[in-house]
Amino acid sequence: MRSTMKNSKSGSSKNLVSAHSRAGRRGPQRPDPLMALRMLAQTYEQIGDRLLDRMHDCAGNPHLTRSLSQHLDWLGSRAQVINSFIAAGDGALTYLCAATEAPERLTSLVQLTAHNAAADRLPVALFLMEKIDEELRLA
């Protein structure tokens with residue numbers, strides 16, 4: 001009887017540990033910094049395309065074209081930096097996301113920026129890009 005009870009206890013404790021570890025795996029996933037940076041690179045491309053479209057539409061206004069061109073230059077240099085970080089791999093990602101909450105903040109900022117760029121809200125998207133610069137300590 002003792003032996004059966006002992007086996008029953010150890011079996012249930014194994015099941016409890018197993019269930020607990022499975023539940024831990026189903027919990028909220030931390031955002032992947034590399035995926036956030038890849039999404040950021042795509043967002044840079046999306047905003048660059050929007051800026052080029054605006055420049056083409058406003059070709060008769062040299063002041064506006066110059067301003068948009070400056071934004072495009074800034075965007076291009078940031079895109080190069082981000083692509084370099086992606087190519088550098090884990091060491092660069094560790095540097096970029098040193099703060100505990102950095103991947104979560106970065107991911108949400110990138111998603112919000114992409115949403116605003118898709119909605120053709122360039123001023124908002126460019127402002128959010130500056131916030132991303134601050135988050136990545138590039139500013």
Minimal heavy-atom distance between T65 and C58, with the atoms involved, is OG1-O, 3.0 Å

Would you name the heavy atoms of I47 and A125 that are closest together and state the gap between them? CD1-CB, 3.8 Å

Within this structure, what is the [atom1]-[atom2] distance for the pair [X] and [Y], rounded to the nearest 0.5 Å?
X: I82; Y: D133; atom1: CD1; atom2: CG; value: 7.5 Å
X: E135; Y: T107; atom1: CD; atom2: OG1; value: 10.0 Å
X: L68; Y: H63; atom1: CG; atom2: NE2; value: 9.5 Å

Does a side-chain heavy-atom distance below 4.5 Å link R78 with L75? no

Same hydrophobic cluster for I86 and V81, using side-chain heavy-atom links shorter than 4.5 Å among ILVMFWY?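 Cluster IDs for I86 and V81 match.
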
Name all pairs fulfilling the salt bridge (charged side-chain N to carboxylate O under 4.0 Å, His left out) condition that reach into residues 53-62, sequence neighbours left out, sorted by first residue then second.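 Qualifying pairs: R54-D120.
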
Would you list the atom pairs, donor with acceptor, under 3.5 Å between side chains in residues 37-46 and any protein atom, with sequence neighbours excluded?
unit_1	atom_1	unit_2	atom_2	d
T43	OG1	M39	O	2.9

For residues 108-118, tabulate all N or O donor-acceptor pairs below 3.5 Å that involve a side-chain atom, not counting sequence neighbours.
unit_1	atom_1	unit_2	atom_2	d
S108	OG	E104	O	3.3
S108	OG	R105	O	3.0
T113	OG1	L109	O	2.7
N116	OD1	R121	NH1	2.8
N116	ND2	L112	O	2.9

